[in-house]
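These notes concern the structure reproduced below.
Worth saying up front: this structure is predicted, and the values here are computed from it rather than measured. Heavy atoms only: backbone and side chains are in, while hydrogens, waters and symmetry mates are out. Reminder, nothing fancy here: chain letters follow the sequence lines and each chain counts from 1.
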Amino acid sequence: MLDPALLRAHLDVVAERLATRGYALDVAAVEAIESERKRVQTQTQELQNLRNTRSKAIGQAKAKGEDASALMAEVAGIGDQLKVNEQRLAEVQEQLAALALGIPNLPDASVPQGADEHGNVEQHRWGTPRAFDFEVKDHVELGTRHGWLDGDAGAKLSGARFTVLRGGLARLHRALAQFMLDLHAGEHGYLECNVPLIVNPDSMRGTGQLPKFEEDLFSTAVGEGKRYLIPTAEVPLTNLVRDEIVEADVLPMRMTAHSLCFRAEAGSHGRDTRGMIRQHQFEKVELVSISRPADSADEHERMTRCAEVVLEKLGLPYRRMLLCTGDMGFSAAKTYDLEVWLPSQNTYREISSCSNCTDFQSRRMQARWRNPETGKPELVHTLNGSGVAIGRALIAVMENYQNADGSIAVPEALRPYMGGVAQIA
RNA sequence: GGAGAGGUGGCAGAGUGGUCGAAUGCGCCGGAUUCGAAAUCCGGUUUACGGUUAUGCCGUAACGUGGGUUCGAAUCCCACCCUCUCCGCCA
């Protein structure tokens with residue numbers, strides 16, 4: 001959510017900046033509803049004030065044993081008028097909130113303008129794509145060996161966009177998760193967490209999935225009210241500070257979690273249908289950082305580096321992209337994507353996304369820290385990044401480490417997690 | 001799922017219809033005392049929103065959440081959520 005004060009005072013500037021990311025803000029609608037809010041709220045508060053002072057006078061009169069009937073007649077009509085006003089005020093504020101919750105974050109000044117992914121800017125590359133002296137297979141083909149990767153089984157059990165992993169490949173998948181978690185918790189200073197995969201609507205609203213993107217989520221109706229399967233561990237990790245005021249000395253709060261992620265992939269029909277690139281259920285090691293506002297830009301660089309180290313230790317060539325205004329997610333002010341080299345596609349594909357959400361999520365969540373300089377609670381900044389997607393890392397390892405016979409070499413970094421084996425065959 | 005107890009400020013904990021945003025204690029901040037400290041004493045110490053002649057002032061709201069009764073609700077009524085104890089079930 002954007003700062004309502006900013007929205008009020010500099011509506012035109014806000015609209016202009018939102019336009020760069022392809023969002024058309026209805027300025028007239030905001031102005032109309034805002035002036036109505038102001039009128040109704042002021043009037044309501046005056047009525048409340050009147051009622052309060054009169055009621056207090058009645059109490060005082062009665063305490064002294066005086067007759068209060070004249071005073072009581074005076075307040076008689078206020079209740080009904082107040083009820084009408086309060087109802088109207090609730091309506092207007094609801095409209096305003098609905099509008100505010102649907103507005104994306106403002107892009108950071110350092111973000112290049114662009115309409116879509118073609119406007120993204122490459123920052124740097126690491127590693128050299130391997131030269132193969134045989135015809136490379138893609139991960140689907142490699143996965144047919146020993147039934148390692150079985151899309152048909154996934155379809156039978158659950159439907160499209162589910163897969164079953166078996167044997168050495170299933171173990172390699174597990175090894176990747178353990179490796180990443182150990183790296184971030186052990187060397188990068190993130191606190192290892194294990195979090196719920198099902199969360200309530202408040203949590204989804206806090207990180208920005210609701211109310212706008214409900215169709216992307218799986219939900220459950222078991223128990224009281226609707227709850228949602230998390231699309232990323234960013235949701236539970238970030239919401240840990242929802243409605244909290246944390247002390248300055250706990251910042252930055254760096255947290256990591258390995259989790260399952262569930263995405264309906266609505267609107268992605270026909271994209272990446274082959275193999276396990278785009279699944280309804282996948283795993284990811286997530287990085288979340290809660291920081292002081294002044295530190296969030298540095299923290300963003302650091303977090304992205306932590307994700308890059310994963311790929312470097314795995315020996316996977318990648319490049320870092322700075323996303324342009326038109327390609328960023330709803331909550332992000334600035335995003336780096338890491339793209340890993342996939343030999344079968346002869347291109348780089350997204351494997352990590354690291355975003356600085358500034359105060360956009362924290363305002364929704366009322367997540368604050370106590371600033372020692374002012375002594376007051378102020379909004380924190382929230383950041384999240386994949387460190388990295390495990391399914392896609394598995395694909396990248398399969399394709400980049402494949403041998404001519406279809407066996408797959410195990411990257412050095414993963415061997416301790418594979419009982420020392422050097423390849424899966 | 002059943003029975004019981006309970007949810008009040010950073011924490012503990014009073015308050016069963018009126019001057020209660022809320023006693024008291026602890027903690028924290030400032031000051032006095034002291035060579036310094038402890039002890040003691042004095043003062044201060046929630047948040048959100050709105051208005052404003054803005055490092056201030058005024059108003060409104062908030063005692064788990066949402067409704068209701070009332071001129072007036074932390075207090076009475078209803079529903080729900082959560083926590084704890086015991087039982088059941090379960091990994």
Where do A:G270 and A:R161 come nearest, in terms of heavy atoms and distance?
N-NH2, 3.9 Å

Give me the atom names and distance for the closest heavy-atom approach of A:D327 to A:D116.
CB-C, 4.1 Å

Could you check which nucleotide pairs with [N] in any of the strands shown, counting Watson-Crick or G-U wobble with both distances under 3.5 Å?
| N | answer |
| --- | --- |
| B:C28 | B:G44 |
| B:G88 | none |
| B:G50 | B:C58 |
| B:U34 | none |
| B:C71 | B:G18 |

Measure from the side-chain heavy atoms of [X] and tell me the nearest of [options].
| X | options | value |
| --- | --- | --- |
| A:Q45 | B:U19, B:G51, B:U60 | B:U60 |
| A:V75 | B:U60, B:C71, B:U47 | B:C71 |
| A:R37 | B:G51, B:U19, B:G72 | B:G51 |
| A:K56 | B:U19, B:U47, B:G51 | B:U19 |

What is the distance, to the nearest angstrom, from the [atom1] atom on [X] to the [atom2] atom on [N]?
| X | N | atom1 | atom2 | value |
| --- | --- | --- | --- | --- |
| A:I245 | B:U46 | CD1 | P | 12 Å |
| A:Q43 | B:G59 | CD | C1' | 15 Å |
| A:E244 | B:U47 | CD | P | 15 Å |
| A:L96 | B:G50 | CG | C1' | 13 Å |
| A:R51 | B:C71 | CZ | C1' | 9 Å |
| A:Q41 | B:A61 | CD | C1' | 10 Å |
| A:D243 | B:U65 | CG | P | 11 Å |
| A:K83 | B:U69 | NZ | C1' | 9 Å |

For [N], does either OP1 or OP2 sit under 4.0 Å from a side-chain N or O belonging to [X]?
| X | N | result |
| --- | --- | --- |
| A:N49 | B:G59 | no |
| A:N52 | B:G18 | no |
| A:R368 | B:A48 | yes |
| A:R227 | B:C81 | no |

Can [X] and [Y] be counted as an ion pair, charged N to O under 4.0 angstrom?
| X | Y | value |
| --- | --- | --- |
| A:R205 | A:D202 | yes |
| A:E86 | A:K83 | no |
| A:E312 | A:R305 | yes |
| A:R320 | A:E301 | yes |

In whole angstrom, give me the gap between the [atom1] atoms of [N] and [M].
| N | M | atom1 | value |
| --- | --- | --- | --- |
| B:G10 | B:G44 | C1' | 16 Å |
| B:U85 | B:A32 | C1' | 49 Å |
| B:U45 | B:G21 | P | 16 Å |
| B:G43 | B:A48 | C1' | 27 Å |

Going by a 90° cut-off around 0, is B:A37 syn or anti?
anti

Using the six-membered ring wherever Trp is involved, compare the ring planes of A:H184 and A:H188 and label them parallel, tilted or perpendicular (cut-offs 30° and 60°).
tilted

When all nucleic acid strands are considered with a 4.0 Å heavy-atom cut-off, which category describes A:R39: base, sugar-phosphate, or nothing?
nothing

Look at all strands and tell whether A:P4 reaches a base, only sugar-phosphate, or nothing, counting heavy atoms closer than 4.0 Å.
nothing

